[in-house]
Each structure stands twice: as structure tokens, then as C-alpha cells.
Amino acid sequence: MKVIIAEKPSVARDIAKVFGATTKREGYIEGKGYTFTWAFGHLLQLAPPQEYGFYGWNVQNLPMLPSKFKLSVRKTKTKDGVVDDPAARKQLDVIRTLFDEATEIIVATDAGREGELIFRYIYYHLKCKKPFKRLWISSQTDAAIKDGFRNLKPGTDYDTLFYSAHCRSQSDWLVGMNATQALSLASGNRAVLSLGRVQTPTLAMICARYLENKNFVPEIYYQVAIQPDKDGITFRAICDRRFKTKEEAEVVLSKVEDVASGFPDGGLILRVEAKPRKEPPPLLHDLSSLQQEGNKKKGFTADQTLALLQNLYESKLVTYPRTGSRYIGDDVFATVPDLISKFEDHKDFGKQAQLLKGAKLSKKSVNAKKVTDHHAILPTGEKPNYLTPDQQAIYDMVAGRMLEAFHQDCIKEITRIVVQSGEKFNASGTVISTPGWRAVFNDADEDKKDEENVSLPKVVKDERLPIRQKAVLEKQTKPKPLYNEASLLKALETAGKDIDDEELREAMKESGLGTPATRAAIIETLIKRAYISREKKNLVPTTTGLSVYEVVKSQRIAQAELTGSWEKRLEEIRGGASVTAFREEINAYTREITGELLKAGIPLKTS
DNA sequence: GCAAGGTC
């Protein structure tokens, strides 16, 4: 009997369906001589410190450097304390029984580093010795699954991928557990002061932005504006020059030949540019972009959006939510016209769905090479029964974005006018001539809502217009805004883009800080530790958060670069480089950071 | 009591 093991039940079901296996058992499906079972993500984790003899939180234990890591069943918190997760334990028993009976194992966990780790931890924990092959696919359509089974790879092809995954896992444990205990102990041990490769740079970003914002000294500057009049329609034009004093601005103002100063036609049109600009549709959503939209449009936290989305996924209404890809492959694209037709009677964008019927669809979101472990989020086409208003809102964001993504370009008419009256003054305006994809939600372009979405009257070069008004404008430079969940998620995604070292920047390019599946949890962790709090929509540090930041801000653990340097080494390990060398470096760094924190944490006592 | 990673 062959056993196929997937990362999660939904994938096992999809594969079983292709084989025509239908008999549902407790924890697996069987039929046609196969069994199809699954994990629930990581069932096993690196064992906690006490399993290596490091009892309690004690300076004498530090740094904790196990020579060989152990695995233990994933834990869950109950009122009686931390216990083995019963669901994980039960599923492991199912897998153990199936593996015992198996002649061959086919590994169908997600095609990536963590997917490999999820399987290997189970396999080694169960001390299984059966041969295994690897299914490597990135979409769960029938065609992709069939093709994948025709091209099963030898399990050993992925040994180095497992080594890199295992190194990632151990390194996070070593640095995180040791740094956390060191800082907590050094600060008097009154509370858990956690540190980690992802959470600490995230905290640092929030703190740095907060301090920058708080300490910002606005500068006042002056500009000059005029209002030319074309056949009774006035519009505003501004002189680009910025002045430090009002007096300097008034010099320019005095040169303006406005009507009140006795010039009936004091504005000369020097230049008129009117050109259409195509604005292509946005990409389909991945988890992060949807969390950002949920935060902007509805004020949901990243965690809330993920929970709502998980809910829709379990009701089979949307595809897999924790994806980091905004693309689909050609196989999925082939199903899109049918999917779109399912929305023709939707109350808000049914009309747009009808419009797309038979139309040529944009292929901007179609790129198999950019589909990683999972493709972008789509509705499945199943009809929702009852949805809560919040679920409906998220569902509509998914469905509406699908319509947008395959829609036509939005065509805007952009006009720029330069008026001479003493100085040169500029006016610009944007008018949507063909809405295309923007017709789906009919939202204003929020980035440029205030200034650009105005229409300008038709004027021609060398024309002279009266200037009805002129004024000096007093303005202030503005600080960068505090982070909110949307802007923080965006910043985590793009973290590392401005690293000087080209190799590190390259290593982080595809990942950023954390992963789509964990970013919401990272924000919640910082809140649970009382490092940050939500104030209206903003994320601001607490005094505890700021004190921790002060202690670690110049350490590597607070920099996104740490992830970059690890990613670079992990990629080399995947390519066959030595694991031992990297482990030694991590051990050395663990000793170093532990020592420094034990010294440096003291100031926290008094704060 | 602690990391980051995955998922019901």
C-alpha cells in the first residue's frame, strides 16, 4: 500500500479526488490501493530547554546549546498549563499506523522549505525507515496533480532542502530562547522580555518610526498660488518654489499680474500637456495585500483578516489563504472565465462580471514562475450561504479583486498646465475617461485623492487668462506617519530592500521579514508582551517596548539584515554547502548575544 | 514563562 501525506487536509482531499479515492476514515482517506493522510502544519517542534536538562530560567544554563536537538509534539495552552496538542497527537498516531503498513511513502507536503521540514520531522520522530518519493507541485488542479505524479522525485533529492530548513529552525530556537532568557533574567525577571530574529526587528521598526515621528520638528515654508479663470471656471496653479520666509514669497506674489492689480489678462499659458495614461489592473491578492486592504477599508487587524479568511477557506469559499504569491498559473487561469460567470448576479459587481463575459482578460496576474508554494487567493465559485457582515466584506474583497485583476486598463486623462504670471505656476489634473477595472469598486484613487483627481478646463498654448486671486500659502513639512497594521505589513514584506550589501539584499528580496502565515502572529506577540499597543489605527510602542529597543537597537538581532544573512547561508546549504560551519557561527553568535544581553539588560531594572 | 514556522 502506498501512503500519500499532505501538509493539510484540503490538499489530501484534492489529491484523493484525482485518484478517485472516496472512503473517508478517521484522519485519512483510502481507495484504489492508496491512502491519503495529512498533517496540520507542524505537528512537531524542537523540544523545549528542559528536555536537554536546562531547568527553570537560570543564568547558569546560559547559553543553552544542545549538541543534538530533540523533537516533541506541538504544544497548546490550556487552563492546566502547556500540554501536547491532542489533535496533533491523534493525527501522529494515524500517520504512524499508516507508515507501518506502507510499502512506499509519497511526500505531498507543500513544495518549499517548511513543507519539507513538516514531513521530515514526522518521519524521523516516528523513526520510519520506509522509502519515500517527493511530489513537487504548486497548484492543486487535477492536471497539476496528475503531472506531478508522473514526475515523482527521489526523496533524497530534497535532503539539502531539509538541512537548510532544520538549520533555520534550530537557529531561531538558539538565538530566540537564549536571548529571551538572557534579557528577562538581566532585567530582574519580572516579566518575559522576548527577543527573536523576526519580532525584534519588527519592534525596532515600530519604535524607530515612533521616535522619529515624536521628535520631528516641522519646518514652515511658503508657497504662492494663483487662480486663473477660463470662461468662468477657475482652477488652482502653484509655484513650485518653496520659500523659508513669508517675505520671500511675497516678492513673488507681488509680481503676479492679477485682475485686482489692474491686469485683465495677466496669465499666459506657456504649455499644455494632455495625455492619456493607462493604469493596468492590480494584481490578485496574496495574504499580506488582503490584510492591508482589510485594515484600510474596514479597520480589521491582520489577525482578524486572517481568521475571517481561514473561516471562508474552511467553508470552501476561497482558495488557500496563507499564500505569498499574487499570481496564478495557466492551468488555474483556464478556470477563471467560468469563475467570473459565477458572479454575474452579485449585488455590487454583477454588472462588471457580465461585462467580462467573452472579453479578453488581462493576464497580468498569470505567471506560473511567480507561483511559489501556493497561488494567489481566489474565490472557489461555491455559493456562500450565510455570511456575517465581516466575512462578507472579506469575501467581496477577494471576489472583487478577481474581477479587477482580469479587467481592462483604466484610462486616465492627465493634464498639466503651465501659466506664466511673473513666475511660472503649475496646475495638474486627472480625469478618468475609461474606468476599466476601477469600475468594480468605484473607489477614489486613495493615494492621490485630494490633489490630483480634479479636472481642468480646456486651455490652449499662448492663451491669456485673467488671474482672479493670488495668495501666499503657509505649509509645514510633515513627519513620516506612525505605523498602522497595513503600513507595517507592507514594511515587513519589503524589509531588507534598502540593505547596502547586495548579496544580503538579494537573499531577502523574495521573503522580507517573517512569512505571510506568521506576520499577523508576530504583531499579536508584540502586543501580548506589552511591547506595543494599538492606539486608534496606529501601532505605538509602550515604555517597556521602548526600553527593550534602547537595549537592543544597535545589536544584530534588531536588524532585518540578520534574516538576510541567514537566508543567504541557508540557500547555500540547500545547494550543498556545509551545515557544520553555519551551526558553529550560530553557536558563536548565540554566546555573544547572550553575554551582551546579560550585561546590557540591567538598565531595564530601573526603568 | 521563551523563537519562528506551519495550520484546524
Side-chain angles (χ1 to χ4, degrees), chain A residues 6-12 27 38-51 54-58 61-64 69 71 74-77 81-82 85-88 90-91 109-110 112-122 164-185 187 189-203 287 306-307 309-311 313-315 320-324 373-374 492 511 513-522 524-526 528-529 557 562-563 566-567 570 586 590 593-594 597:
Chain A
E7 181 155 326
K8 44 190 169 269
S10 64
V11 175
W38 52 79
F40 303 115
H42 280 294
L43 299 179
L44 296 156
Q45 55 186 182
L46 296 180
Q50 62 266 28
E51 298 206 24
F54 305 122
Y55 298 108
W57 288 39
N58 193 328
N61 287 337
L62 302 184
M64 305 174 285
F69 274 95
L71 296 171
R74 174 219 291 165
K75 301 291 183 281
T76 184
K77 275 183 184 160
V82 178
D85 182 337
K90 192 170 162 203
Q91 192 61 17
T109 47
D110 290 354
R113 196 163 74 193
E114 293 303 320
E116 191 64 27
L117 194 64
I118 285 170
F119 165 71
R120 298 281 183 133
Y121 275 0
I122 294 169
S164 79
H166 193 29
C167 269
R168 196 281 306 149
S169 177
Q170 296 170 101
S171 306
D172 277 327
W173 190 104
L174 287 166
V175 171
M177 295 289 190
N178 281 293
T180 297
Q181 286 199 16
L183 184 66
S184 304
L185 288 167
S187 68
N189 203 16
R190 279 171 312 187
V192 175
L193 298 179
S194 66
L195 297 173
R197 172 180 57 88
V198 178
Q199 63 171 265
T200 305
T202 306
L203 174 66
L287 175 61
L306 176 55
L309 208 51
Q310 173 70 15
N311 212 291
Y313 168 64
E314 284 167 22
S315 310
Y320 180 76
R322 289 175 216 84
T323 176
D373 300 11
H374 303 278
L492 291 176
S511 56
L513 260 182
T515 70
T518 58
R519 282 181 194 132
I522 292 286
E524 296 305 316
T525 296
L526 294 176
K528 199 166 81 189
R529 300 269 176 273
I557 197 170
L562 183 65
T563 293
W566 286 17
E567 286 299 336
L570 292 171
I586 294 294
T590 302
I593 183 83
T594 306
L597 289 170

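Below, chain A is the first sequence line, B the second, and so on; all start at residue 1.
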Would you please name every residue forming a side chain to side chain donor-acceptor pair (under 3.5 Å) with A:E314, sequence neighbours left out? A:Q310
Those residues at least two apart in sequence (or on a different chain) that pass side chain to side chain donor-acceptor pair (under 3.5 Å) with A:D110 are A:K8, A:H374
Quick one: list whatever passes side chain to side chain donor-acceptor pair (under 3.5 Å) with A:T76, sequence neighbours left out. none
Restricting to side chain to side chain donor-acceptor pair (under 3.5 Å), what partner residues turn up for A:Y121, sequence neighbours left out? A:H166, A:S169
What string of B, S and - do you get for nucleotides 2-7 of chain B, 5' to 3', when a contact is any protein heavy atom under 4.0 Å? BBBBBB
Sequence-distant partners of A:R113, salt bridge (Lys or Arg N to Asp or Glu O under 4.0 Å), two or more places apart: A:E567
